[in-house]
Amino acid sequence: MEITLIQGLMLSVMAVIVGLDFFLEAFFIFRPLIVSTLTGLILGELETGLKVGALIELAFAGLTPAGGTQPPNPVFAGLMGTVLAHTTGASPEAALGLCLPFSFLGQYVILFYYSAFSFFMGKADKAAAEADTKALARINYTTMAIVSLSYGLLAFLCTYVAQQPMISFVNALPEVITHGLEVAGNILPAVGFAILLRVMMKAKYAPYFIAGFLMACFCTMPNLLPVALLGAIFALIDFFSAKQRKEEIAEALANADVNGGGNSNVGI
């Protein structure tokens, strides 16, 4: 299915907003699940957007910026994954593999801006030394505008202008490659989740992980809502347990102060 001019413009505006959010990390609407869902809503294929976004979100779960490094761009992954599934009829798994080059493109563009924006550092240092808050604000607004508008321009070029070459390219791919992309698309979410667990997994969280695994793999469920509710239950248990431990510690410290004060008075 083709993308109309209106849809291309709407996707461009959406890319401006979520790209700015990715730059500021304010509301986290730049995550692939949100971007893919919004893209599917604009293209009239909300279900496709949800399916593609869920796969890409898992694949990108453990990829976060650290220091000066920049992971593959989640905005273009979510955007182009749904666009490719919509325009070429690719499966969500194959769309995950096809969207990675666009994700790398976004990564390189952001890295370029991080280097190019060093031009503003001298001006920012001078404005800070002179306590010129208006100049600092102009520098920040300028860099934010450059980044967000670049997202919009790239999104329009990739989704609307280049859609016919993309369709022709995907349709020309041999079956062995498209099948390989589907296999890779099935593997990448597991890899992304494994990267996340490598960072977050601790011994005290193992019971929660095992319980969720058992429910997801061995219990018959129409959807993942029971797993989500179980996670909410575990979160509440942990919250109230931590609150109770805090109260017990405070009470123990108060009793220690009272007993210590009494002994000192007796000694005197």
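- Of all non-hydrogen atoms in A85 and T48, the two that sit nearest each other are CB-CG2, 3.8 Å.
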Check against side-chain contact (heavy atoms from CB on, under 4.5 Å), M166 and T88: CA-CA 8 Å; M166 283 193 305; T88 66; 5.5 Å; no
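- Sorted by first and then second residue, the pairs that involve residues 235-250 and meet side chain to side chain donor-acceptor pair (under 3.5 Å), not counting sequence neighbours, are Q244-E248.
- Side-chain contact between R138 and Y141 is absent, with no heavy atoms from C-beta onward closer than 4.5 Å.
- In this structure, V83 is a member of the same hydrophobic cluster as I17, with clusters built from ILVMFWY side-chain heavy atoms closer than 4.5 Å.
- Taking SG of C158 as the reference point, atom CG of L153 lies at 9.0 Å (rounded to 0.5 Å).
- Under the 3.5 Å distance criterion, the side-chain polar atoms of R31 are matched with a main-chain donor or acceptor of F60.
- Under a cut-off of 6.0 angstrom, the local environment of CD in E47 is sparse, with at most 12 non-hydrogen atoms contributed by other residues, nucleotides or ligands.
- The shortest heavy-atom contact between P101 and L98 is CD-O, 3.1 Å.
- The ring of F30 has its center closer than 6.0 angstrom to the ring center of F28.
- M14 is listed as a side-chain neighbour of V35, based on a closest heavy-atom distance under 4.5 Å.
- You'll find the side chain of T37 reaches within 4.5 Å of the side chain of L46, heavy atoms only.
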Full working for side-chain contact (heavy atoms from CB on, under 4.5 Å) between F156 and V13: CA-CA 9 Å; F156 185 76; V13 172; over 6 Å; no
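- The line from CG of L154 to CZ of F76 is 4.5 Å long, rounded to the nearest 0.5 Å.
- In this structure, T159 OG1 and H86 NE2 are separated by 10.5 Å, a value rounded to the nearest 0.5 Å.
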Residues L111, Q107; criterion side-chain contact (heavy atoms from CB on, under 4.5 Å); working and verdict: CA-CA 6 Å; L111 287 174; Q107 176 189 20; 4.1 Å; yes
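- Between A162 and P165, the closest heavy-atom pair is O-CD, 3.3 Å.
- Of the inter-residue distances, the one linking L105 atom CG with I110 atom CD1 reads 10.0 Å to the nearest 0.5 angstrom.
- Cluster annotation: I139 is connected to F119 through the hydrophobic network of ILVMFWY side chains, with a link wherever side-chain heavy atoms come within less than 4.5 Å.
- One N or O on the side chain of N255 and one on the backbone of E251 form a donor-acceptor pair closer than 3.5 Å.
- Side-chain atoms of Q163 come within 3.5 Å of backbone atoms of I3 as a donor-acceptor pair (strictly under, hydrogens ignored).
- Considering all non-hydrogen atoms of both residues, V16 and G152 come closest at CG2-CA, 3.6 Å.
- Under the 3.5 Å distance criterion, the side-chain polar atoms of T143 are matched with a main-chain donor or acceptor of N140.
- Using a 4.5 Å heavy-atom threshold, the side chains of F22 and P74 count as touching.
- In this structure a side-chain-to-backbone donor-acceptor pair under 3.5 Å is missing from S36 to L33.
- No chain of hydrophobic side-chain contacts below 4.5 Å, direct or via other Ile, Leu, Val, Met, Phe, Trp or Tyr residues, connects I233 to L236.
- For the atom pair OG1 (T82) and CG (L41), the distance works out to 11.0 Å, reported to the nearest 0.5 Å.
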Evaluation steps, side-chain contact (heavy atoms from CB on, under 4.5 Å), between L20 and V147: CA-CA 7 Å; L20 181 60; V147 171; over 6 Å; no
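- Criterion: ILVMFWY side-chain heavy atoms under 4.5 Å apart, direct or through other members. Under it, V52 and L100 are part of a common hydrophobic cluster.
- Listed by first then second residue, pairs satisfying ring-ring contact (aromatic ring centres under 6.0 Å, His included) with a partner in residues 219-256 read Y208-F234, not counting sequence neighbours.
- S103 places a side-chain N or O within donor-acceptor distance of the main-chain N or O of N73, the cut-off being under 3.5 Å.
- Residues that satisfy the salt bridge (charged side-chain N to carboxylate O under 4.0 Å, His left out) test with E45, not counting sequence neighbours, are absent from this structure.
- No side-chain heavy atom of F102 sits less than 4.5 Å from a side-chain heavy atom of V75.
- Between the S12 side chain and the G8 main chain, no donor and acceptor come within less than 3.5 Å of each other.
- Side-chain contact between L43 and L11 is present, with at least one heavy-atom pair separated by less than 4.5 Å.
- Put simply, L157 and L79 are part of two different groups of oily side chains (I, L, V, M, F, W, Y) that touch within less than 4.5 Å, one to the next.
- How far CD1 of I34 is from CZ of F27: 13.5 Å, rounded to the nearest 0.5 Å.
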